[in-house]
Colleague: 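Structure incoming, see below.
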There are 2 protein chains.
Amino acid sequence: MVKKSNVNLDKIYENYNLKSVKSVLAKNAKEAEKAAVSIGFPVALKIESPDILHKTDIGGVELNIYSEEEVKKTYTKIMNSVKSKKPDAEIIGIIVQEMFSDCFEIILGYNFGYSFGPTIMMGMGGIFTEVFKDVVFRTLPVNFNDIKSMIHELKFSDLLLNGFRGILPVSENMLIDVIKKASDMAYDLYPRLDSFDINPIALRGNEHRVIDFKYILSDKLNKIRSSEAKVKNLDEFFNAKSVAVIGASGTSKEKLGNYILDSLAFHDYKGKVYPVNPKSKSIMGIKAYPSILNIPGKIDLLVISIPLSAIPGILKQCNKKGVRNVVIISGGGKETGEKELEEEIKKLSKQYEIRIVGCNCVGVFDGFSRLDTFFQIHDRMKRPKSGSISMISQSGTVGLAFLEKMGDVGISKFVSYGNRIDVDEGDLIEYLGNDKRTKVIAAYVEAFDNGRKFLASAKKVSQRKPIIVYKSGRTPQASRVSESHTGFLSGTFNIIKGVFNQAGIMSVDNFEDLVAASEVLVMQPRAKGNKVLSITNGAGTVIQAVDKIDEKGRLRLAELSPSSKVKLKEKLPSYVIIKNPVDLTGSATDDDYEVTINIIINDPNVDIIMLWFVFQDTPVSKNIYSILGNINKACSKPIICGAIGGEYTYYIGKLIKNEGIPVYYSVNEWVAAAEAISK
Amino acid sequence: MVKKSNVNLDKIYENYNLKSVKSVLAKNAKEAEKAAVSIGFPVALKIESPDILHKTDIGGVELNIYSEEEVKKTYTKIMNSVKSKKPDAEIIGIIVQEMFSDCFEIILGYNFGYSFGPTIMMGMGGIFTEVFKDVVFRTLPVNFNDIKSMIHELKFSDLLLNGFRGILPVSENMLIDVIKKASDMAYDLYPRLDSFDINPIALRGNEHRVIDFKYILSDKLNKIRSSEAKVKNLDEFFNAKSVAVIGASGTSKEKLGNYILDSLAFHDYKGKVYPVNPKSKSIMGIKAYPSILNIPGKIDLLVISIPLSAIPGILKQCNKKGVRNVVIISGGGKETGEKELEEEIKKLSKQYEIRIVGCNCVGVFDGFSRLDTFFQIHDRMKRPKSGSISMISQSGTVGLAFLEKMGDVGISKFVSYGNRIDVDEGDLIEYLGNDKRTKVIAAYVEAFDNGRKFLASAKKVSQRKPIIVYKSGRTPQASRVSESHTGFLSGTFNIIKGVFNQAGIMSVDNFEDLVAASEVLVMQPRAKGNKVLSITNGAGTVIQAVDKIDEKGRLRLAELSPSSKVKLKEKLPSYVIIKNPVDLTGSATDDDYEVTINIIINDPNVDIIMLWFVFQDTPVSKNIYSILGNINKACSKPIICGAIGGEYTYYIGKLIKNEGIPVYYSVNEWVAAAEAISK
């Protein structure tokens with residue numbers, strides 16, 4: 001540990017009432033006896049010498065000493081043993097130490113990170129910390145609920161709170177108190193500490209002891225970044241009545257800017273569109289202007305797809321012209337190592353109060369105004385209809401794919417924010433939180449920049465509408481502070497999981513689940529609980545779903561109420577297996593499904609109805625879609641369909657989806673949707 | 001532990017040269033001194049009394065004793081302490097025990113199970129065994145390679161073999177030897193032992209000590225089931241020249257049997273088809289017979305879809321008529337609790353040597369003879385073209401879905417074996433192993449019956465062609481022998497993972513991966529290694545792939561060779577980021593892809609080429625498919641494509657697939673395919 005402070009923090013945790021194992025250095029037997037009495041029996045005696053590494057080997061350690069008499073004898077015994085075996089060793093004395101055994105060991109750690117500032121970590125201590133990475137993070141400060149949920153997220157906590165093999169269960173209140181104290185200490189010290197590990201801290205019943213405390217001082221003052229979201233002027237990105245485009249050309253017709261112009265001028269957007277190019281009088285039949293300053297009317301939005309180097313100059317013109325919103329499509333910024341140019345653009349954006357989306361992105365789309373800045377032409381990418389899902393994406397590729405999947409579900413607002421020179425996740429979440437047309441927010445993030453701002457916005461907004469995030473880039477990376485366990489582990493996805501929990505965010509593990517979850521949340525009512533029941537004419541796939549449910553642990557399999565069982569037995573053919581799933585078998589008819597669903601709807605033990613269909617089985621008719629449609633109209637419980645097959649399966653699936661019931665073509669998505677709609 | 005034996009097995013492991021911690025009961029100080037000398041210093045002394053539970057609390061335990069002199073003193077000290085604190089306790093003596101500390105603890109366990117017979121387990125010992133379930137199984141007997149691969153499968157082994165915090169690394173040779181001994185013991189004793197736990201066994205450097213050994217006797221003699229596969233007469237299921245159908249009706253036209261008849265008589269199958277029904281003279285325009293005995297010619301295959309209760313009678317007729325192959329579609333057997341009927345049918349199948357597929361299944365399909373027994377009509381389920389993949393499935397539903405996904409890749413043979421009254425996985429794997437038209441075997445299994453037979457067949461066949469299995473039904477179930485850790489843990493998927501490894505089977509985790517893996521293995525050449533390189537015009541999804549690759553741990557990211565880097569820099573635009581992935585950016589053209597792939601093909605550091613496309617980006621043309629097709633013809637390295645989007649994406653994807661390159665529409669499948677083709 002490099003110390004750059006004249007304050008000694010080795011025992012700083014004692015100021016926060018965290019106790020260490022009591023130990024006293026004794027210079028003679030008398031002192032040792034006194035020390036033992038003050039510590040309380042039993043004690044251990046250990047030789048203290050700078051020259052002796054392996055104390056046990058030379059009789060330098062004695063455990064379980066129960067009386068003053070014995071302390072005295074043992075003192076002499078150790079001294080004799082050590083002196084005879086290491087006559088040249090310098091001996092400072094003997095440490096009298098409290099015995100604290102039969103305990104659990106955990107790690108409590110703090111780390112200061114670029115994105116999330118100060119965070120606290122709790123995990124399994126000792127030998128397994130880094131093998132199993134069973135750790136939980138929260139950003140600081142934390143409240144009682146944060147700490148409580150932290151404890152219950154840790155797999156190891158079951159053991160901790162229930163005891164194991166003669167080790168006393170740990171008191172949860174004590175544990176909460178200990179974590180609170182460590183958190184308070186971390187939050188007080190973060191300006192000057194990069195990291196600390198209390199590893200291990202021993203826990204037994206109502207007691208705790210810090211066994212080892214290490215910390216890393218910071219060589220600069222750590223500061224928490226502002227978490228205030230800026231939503232000013234964001235509206236114009238979606239509702240601009242006039243858009244200028246820089247990057248289209250009258251001569252080179254395959255410029256990205258030309259495709260953007262095509263998207264804006266030749267499709268559903270109704271606003272004014274101005275190409276800007278000093279070398280062309282007209283582009284694609286539209287009058288072009290040498291610069292934005294020459295455009296007669298007001299410009300609500302400017303889209304740029306020329307190299308970044310020209311952009312500072314253009315921003316100056318924007319300031320003159322009163323343009324307040326700019327989308328920069330162009331790449332070539334920090335992703336290629338060119339940071340300075342981006343920094344300059346950022347500075348100008350602040351100075352002129354110009355909001356910027358991008359650079360290195362595909363820009364924005366609005367489902368209602370039909371404004372879009374994509375260079376993906378309509379022939380290749382159908383724009384989605386208007387709807388209630390808004391989506392933000394760090395990656396243009398992933399964002400566009402999301403829009404295509406949502407074609408017939410509908411999108412309110414979409415932003416591909418790329419390198420987030422100005423507008424970032426925090427701003428957008430806050431803005432969409434207040435957007436009346438947005439009922440569900442989906443986000444794809446590869447790496448956070450101002451993570452605390454994101455957290456603060458999401459925490460507020462998630463109380464009003466669901467936020468679903470797929471965070472990729474989970475591969476652990478070498479951390480800045482690799483000497484600390486906590487620092488090392490904060491480089492993994494663990495810290496993000498903690499943040500998502502703290503913010504009330506729904507976290508999903510892949511793109512398909514992001515799509516599935518977003519879709520079900522706008523199509524179906526939220527469930528009252530997490531108990532699912534499946535009804536199927538082919539049980540094979542449901543077994544797979546049960547595996548998945550078990551693995552993820554968020555849903556529970558409903559147990560049918562006795563009265564439902566009686567009714568089902570009465571109304572269904574005798575070969576039907578009435579449990580969960582209700583297996584109607586390959587002989588199932590439309591009627592069998594209808595009868596079953598109508599009974600299940602009223603079963604208080606079931607929160608979510610999961611239907612799986614083998615549409616290939618002939619006894620089920622095409623008409624099943626209208627039966628389901630009618631049931632759906634009157635049903636206050638969420639219904640989710642699944643099926644796998646070929647053309648015919650997709651055909652029936654589409655008919656059902658038109659009735660307002662989502663249909664999934666993989667077991668994983670079917671389960672992900674049920675999770676998203678559960679409570 | 002219930003003992004039903006007059007043989008005491010408490011120390012049986014010593015017969016296999018597994019050592020326990022040395023300990024000797026001493027009745028007086030003299031005996032203790034002698035014992036300590038024979039054990040070797042340091043030793044521990046522990047009071048032995050049936051009345052004392054917490055020995056430490058009353059000064060009944062002393063550790064780290066280094067001399068005879070000290071043993072003597074300590075003996076007296078313990079006796080005095082115990083007598084003063086527990087004057088009434090009956091004292092048997094003092095145990096002198098070898099000190100074996102600073103060690104790792106593992107569990108070695110054995111369990112006898114219904115499906116896999118005797119198995120050996122290795123795992124993390126002590127407090128965490130059941131929290132993290134870091135355990136590895138193998139069926140017995142095991143060879144050197146089995147044991148070695150077991151060790152390296154265990155996450156915890158890294159720590160074990162490298163040492164940690166002052167604990168000596170464990171010798172791998174010693175560990176192999178210890179596992180071999182425990183395995184030998186298990187294999188010798190399995191007839192009378194249901195289970196044992198050596199938990200923990202302490203390991204340090206070159207030494208081991210059994211700390212605790214528990215076992216459970218069996219109340220009946222355990223026997224290993226025959227693992228001999230029966231392939232006799234299986235050919236007729238696929239190449240039958242004449243098929244009779246029982247279950248079609250001339251009056252009730254919506255019987256499943258009618259649909260089966262339709263599949264056989266009105267589509268591509270060229271053999272003779274005979275409906276059998278005593279009440280109809282003709283069904284669907286085809287002459288019907290009152291019983292199979294009335295059919296004039298030979299019957300190669302009989303398909304039945306009437307209730308099971310009629311089947312024993314029919315089998316007697318089959319015997320008379322010389323029918324050797326029967327498919328029973330009908331359900332109503334053990335899945336509904338009706339076991340006896342199935343048992344009777346099984347008996348008759350053996351007695352008459354009639355091979356049976358089913359019951360409770362959709363039967364068989366052959367891509368070449370076009371024979372199929374499905375009650376799923378062609379309007380709803382297109383049959384796949386002929387090809388080199390064969391598939392077996394316990395679930396009809398899952399099997400049919402697989403066939404639909406393989407429509408244009410092609411299928412050789414397919415069997416839905418349902419309740420496997422006779423024909424099972426083991427038979428089929430062996431049969432398909434010898435089938436020249438089958439290049440890849442895919443299987444979907446929910447639960448094994450004769451797992452050892454499956455293992456034996458797969459072990460042989462996997463050396464000739466790839467076997468990919470998706471095993472569902474992974475939820476841990478209460479085991480028969482729940483008192484033992486090993487028994488408990490064998491109820492999870494762990495045992496199956498071990499078996500798959502032992503048999504050289506590729507295990508996948510969901511249906512989509514089964515499809516992806518099967519497809520790539522017939523479409524692309526097997527890779528020489530596991531190093532992948534991605535080339536993309538939209539890096540977002542590749543980040544997700546890297547997460548997945550990291551999580552699964554089977555593939556590695558290739559590092560471009562220096563000469564490739566030079567060439568790429570020379571030939572590609574300056575904004576291209578030349579690492580892994582090669583990010584051609586949204587401006588990428590067909591040429592950029594072509595140039596890059598042609599350089600990568602010759603890079604010895606790359607085994608698998610993973611292309612990701614954003615087909616929506618206009619600079620890539622439709623013609624990319626023919627460019628890839630030409631490259632593919634000459635390329636000995638596997639190429640795998642991925643893309644996400646809407647209609648246009650699927651359109652281009654299909655063109656590329658027609659050129660022989662598989663295209664995946666999710667990151668997970670794209671990665672699963674790369675894993676399958678890797679070495």
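The sequence lines fix the lettering, A, B, ..., with proteins before strands; numbering per chain opens at 1.
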Colleague: For the pair B/Glu62 and B/Lys77, find out whether any cationic side-chain nitrogen is under 4.0 Å from an anionic carboxylate oxygen.
Modeller: yes

Colleague: What closest approach, in Å, do A/Asp547 and B/Gly473 show between heavy atoms, and which atom pair accounts for it?
Modeller: OD2-N, 2.8 Å

Colleague: With sequence neighbours left out, write down each residue that passes salt bridge (Lys or Arg N to Asp or Glu O under 4.0 Å) with B/Asp509, or none if nothing qualifies.
Modeller: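 Scan of B/Asp509 (salt bridge (Lys or Arg N to Asp or Glu O under 4.0 Å), adjacent residues dropped) gives B/Arg474.
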
Colleague: Tell me, side chain or backbone of A/Pro42 under 4.5 Å from chain B's heavy atoms, or both, or neither?
Modeller: neither

Colleague: Are the side chains of A/Asn537 and A/Ser587 in contact, using a 4.5 Å heavy-atom criterion?
Modeller: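 Result no, sub-4.5 Å side-chain heavy-atom pair not found.
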
Colleague: Report which part of A/Lys155 has an atom under 4.5 Å of a heavy atom belonging to chain B: side chain, backbone, both, or neither.
Modeller: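 Looking at A/Lys155, backbone and side chain both touch chain B.
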
Colleague: Go through the atoms of B/Tyr259 and report whether side chain, backbone, both or neither lie under 4.5 Å from a heavy atom of chain A.
Modeller: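 The side chain, not the backbone.
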
Colleague: What part of A/Glu254 is in contact with chain B, defined as an atom under 4.5 angstrom from a non-hydrogen atom: side chain, backbone, both or neither?
Modeller: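 Neither part; nothing is under 4.5 Å.
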
Colleague: If I measure from the heavy atoms of chain B, does A/Glu70 come under 4.5 Å with its side chain, its backbone, both, or neither?
Modeller: side chain

Colleague: Can you list everything that forms a side chain to side chain donor-acceptor pair (under 3.5 Å) with A/Asp134? Sequence neighbours excluded, please.
Modeller: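 Counting only residues at least two positions away or on another chain, A/Asp134 forms no side chain to side chain donor-acceptor pair (under 3.5 Å).
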
Colleague: So which part of A/Lys622 gets closer than 4.5 Å to some heavy atom of chain B, the side chain, the backbone, both or neither?
Modeller: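 Just its backbone gets close to chain B.
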
Colleague: By a 4.5 Å heavy-atom criterion (distance strictly below it), what part of A/Glu404 contacts chain B: side chain, backbone, both, or neither?
Modeller: side chain

Colleague: So which part of B/Thr585 gets closer than 4.5 Å to some heavy atom of chain A, the side chain, the backbone, both or neither?
Modeller: neither

Colleague: Tell me, side chain or backbone of A/Ser393 under 4.5 Å from chain B's heavy atoms, or both, or neither?
Modeller: neither

Colleague: Using side-chain heavy atoms (C-beta onward) and a distance below 4.5 Å, is A/Leu400 in contact with A/Met381?
Modeller: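 Touching, per the 4.5 Å side-chain cut-off.
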
Colleague: Is any side-chain heavy atom of B/Ile549 closer than 4.5 Å to one of B/Leu557?
Modeller: yes

Colleague: May I have the step-by-step check of side chain to side chain contact (heavy atoms under 4.5 Å, CB included) for A/Glu512 and A/Ser666, ending in yes or no?
Modeller: CA-CA 10 Å; A/Glu512 289 72 29; A/Ser666 86; over 6 Å; no

Colleague: Within the 3.5 Å criterion, strictly below it, is a donor on B/Arg380 or A/Thr649 matched to an acceptor on the partner's side chain?
Modeller: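 Distance-only check fails for B/Arg380 and A/Thr649.
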
Colleague: Which answer fits A/Ile577, side chain, backbone, both or neither, if we ask what part of it has an atom under 4.5 Å from a heavy atom of chain B?
Modeller: side chain

Colleague: Let me know if A/Asn510 has heavy atoms under 4.5 Å from chain B in its side chain, its backbone, both or neither.
Modeller: side chain

Colleague: Under 4.5 Å from any heavy atom of chain A, what part of B/Ile377 do you find: side chain, backbone, both or neither?
Modeller: both

Colleague: Measuring heavy-atom distances to chain B, does A/Val614 have an atom under 4.5 Å in its side chain, in its backbone, in both, or in neither?
Modeller: side chain

Colleague: Side chain, backbone, both or neither: which part of A/Gln544 has a heavy atom under 4.5 Å from chain B?
Modeller: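 The answer is both parts of A/Gln544.
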
Colleague: Out of B/Phe511, B/Tyr575, B/Tyr470, B/Phe374, return the one with the most heavy atom pairs under 4.5 angstrom to chain A.
Modeller: B/Tyr470

Colleague: In terms of relative ring orientation, are A/Tyr651 and A/Tyr648 parallel, tilted or perpendicular, with 30° and 60° separating the classes?
Modeller: tilted

Colleague: Less than 4.5 Å to any heavy atom of chain B: does that hold for the side chain of A/Phe41, its backbone, both, or neither?
Modeller: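 Neither part, no heavy atoms under 4.5 Å.
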
Colleague: Answer with side chain, backbone, both or neither: which region of A/Asn668 has an atom nearer than 4.5 Å to a non-hydrogen atom of chain B?
Modeller: side chain

Colleague: Taking atom types as modelled, is there a side-chain donor on B/Tyr444 or B/Ser395 under 3.5 Å from an acceptor on the other?
Modeller: no

Colleague: With a 4.5 angstrom heavy-atom cut-off, which part of A/Thr618 approaches chain B: side chain, backbone, both or neither?
Modeller: both

